[in-house]
Amino acid sequence: MRVMLVRSRAAWVFAFTASAALAAQTLLLAERQCRLLEGALREDFRVVLFLRGQVSDSRLKILEEKLRAQPEVELARYVSPDEALASLKREDPELVDAVALVGDNPLPGSFEVVPTAESLPRLIAWLDSVQGLADWSDVRWKPAQLQAILRARFYGRWMRLILSSLFCAVSALALWALAASLRAAAGRGEAVLVAAGGLGGACGLAFAALAAWPLRRDELLWSWPPFWTSAAVVAACAGLGWSLSLWRSES
């Protein structure tokens with residue numbers, strides 16, 4: 001009768017820890033993808049400030065220094081009309097042929113600015129603050145790209161908060177189990193539940209890897225969480241089985 005009870009508890013612990021490991025690994029994988037997505041989008045994000053009319057070289061140097069001195073600016077560089085035309089020629093030769101019909105190069109000079117990661121939520125306010133630095137003819141940036149960056153950052157931080165909370169809960173449970181182990185005698189049932197918890201965690205990780213494997217086709221953003229996180233999940237599941245066995249022995 002006792003053997004059947006131990007097996008029933010082991011099956012319950014196995015199912016519970018497998019589900020917990022699957023959920024934890026899914027959160028880890030999604031958090032890592034959010035981090036990579038934010039980095040990929042932010043690497044390509046630029047704000048282009050177009051100048052109106054001709055500006056002297058000394059004025060251009062002053063403007064560049066002022067932009068670089070802004071705490072919201074990570075990188076700023078001046079793009080001359082000739083450089084802008086050469087870049088447009090590489091990207092869209094047909095459009096350059098149409099521009100050539102006009103005669104002289106009609107493209108204005110501009111400053112290409114890379115904002116810092118911390119300034120992105122306040123980008124519009126910063127753009128308003130730099131309006132007085134020069135007579136800008138236009139300011140170009142991609143609002144949809146900025147929104148995607150901020151959303152990826154938000155969801156990534158939210159998942160990190162959840163994972164940190166779970167880590168604190170597991171740590172508290174481990175401390176409770178350690179204190180309880182000083183009062184409860186270890187037995188065969190405890191070892192079985194520890195093994196069931198560790199095996200359930202490993203199976204949950206294996207199922208998460210199997211479910212996420214087709215995502216490897218997207219090599220741009222694919223990245224599996226580090227090995228130590230998987231080992232920590234299995235160890236936490238084994239500790240969960242241990243604490244459940246001690247709880248049972250106390251009750």
Side-chain angles (χ1 to χ4, degrees), residues 6 8-42 116-122 148-187 189-213 215 221-251:
V6 170
S8 175
R9 289 177 178 174
W12 182 85
V13 169
F14 174 85
F16 181 74
T17 54
S19 301
L22 174 61
Q25 190 69 1
T26 300
L27 284 174
L28 287 168
L29 179 62
E31 185 274 333
R32 192 166 183 84
Q33 304 316 309
C34 285
R35 186 187 305 177
L36 291 176
L37 178 60
E38 179 192 347
L41 291 172
R42 189 161 53 83
T116 61
E118 297 77 14
S119 67
L120 290 178
R122 309 182 305 274
I149 293 172
L150 296 180
R151 284 185 176 179
R153 179 181 300 180
F154 170 78
Y155 289 121
R157 290 181 176 179
W158 172 253
M159 280 179 261
R160 283 195 289 274
L161 176 62
I162 297 298
L163 288 168
S164 299
S165 301
L166 291 175
F167 175 77
C168 292
V170 169
S171 300
L173 188 62
L175 291 175
W176 172 85
L178 182 61
S181 65
L182 300 178
R183 302 189 301 269
E190 177 182 339
V192 170
L193 293 187
V194 171
L199 182 60
C203 289
L205 292 180
F207 185 78
L210 183 63
W213 191 257
L215 298 176
L221 294 176
W222 169 261
S223 180
W224 190 254
F227 173 77
W228 69 267
T229 60
S230 300
V233 170
V234 173
C237 290
L240 182 59
W242 175 41
S243 64
L244 288 174
S245 68
L246 295 174
W247 174 70
R248 278 296 184 180
S249 65
E250 285 193 343
S251 61

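Bear in mind that the values here come from a model prediction, so they are computed numbers and not experimental data.
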Looking at [atom1] of [X] and [atom2] of [Y], how far apart are the two atoms once the value is rounded to the nearest 0.5 Å?
X: Arg160; Y: Tyr155; atom1: CZ; atom2: OH; answer: 14.5 Å
X: Arg42; Y: Ile149; atom1: CZ; atom2: CD1; answer: 7.5 Å
X: Leu28; Y: Leu163; atom1: CG; atom2: CG; answer: 5.0 Å
X: Leu37; Y: Arg32; atom1: CG; atom2: CZ; answer: 13.5 Å
X: Cys34; Y: Leu29; atom1: SG; atom2: CG; answer: 9.5 Å

With sequence neighbours left out, the residues meeting salt bridge (charged side-chain N to carboxylate O under 4.0 Å, His left out) with Arg157 are none
For Arg153, the salt bridge (charged side-chain N to carboxylate O under 4.0 Å, His left out) test, sequence neighbours excluded, returns Glu38
Looking only at heavy atoms, the pair that brings Ala21 and Gly204 closest together is CB-CA, 4.1 Å
Smallest heavy-atom separation, Ala117 atom then Pro121 atom, equals O-CD, 4.1 Å
Kindly write out the residues that satisfy side chain to side chain contact (heavy atoms under 4.5 Å, CB included) with [X], not counting sequence neighbours, or none if the list is empty.
X: Ser119; answer: Glu72, Pro115, Thr116, Arg122
X: Leu199; answer: Phe14, Cys203
X: Leu22; answer: Thr26, Phe207, Ala208

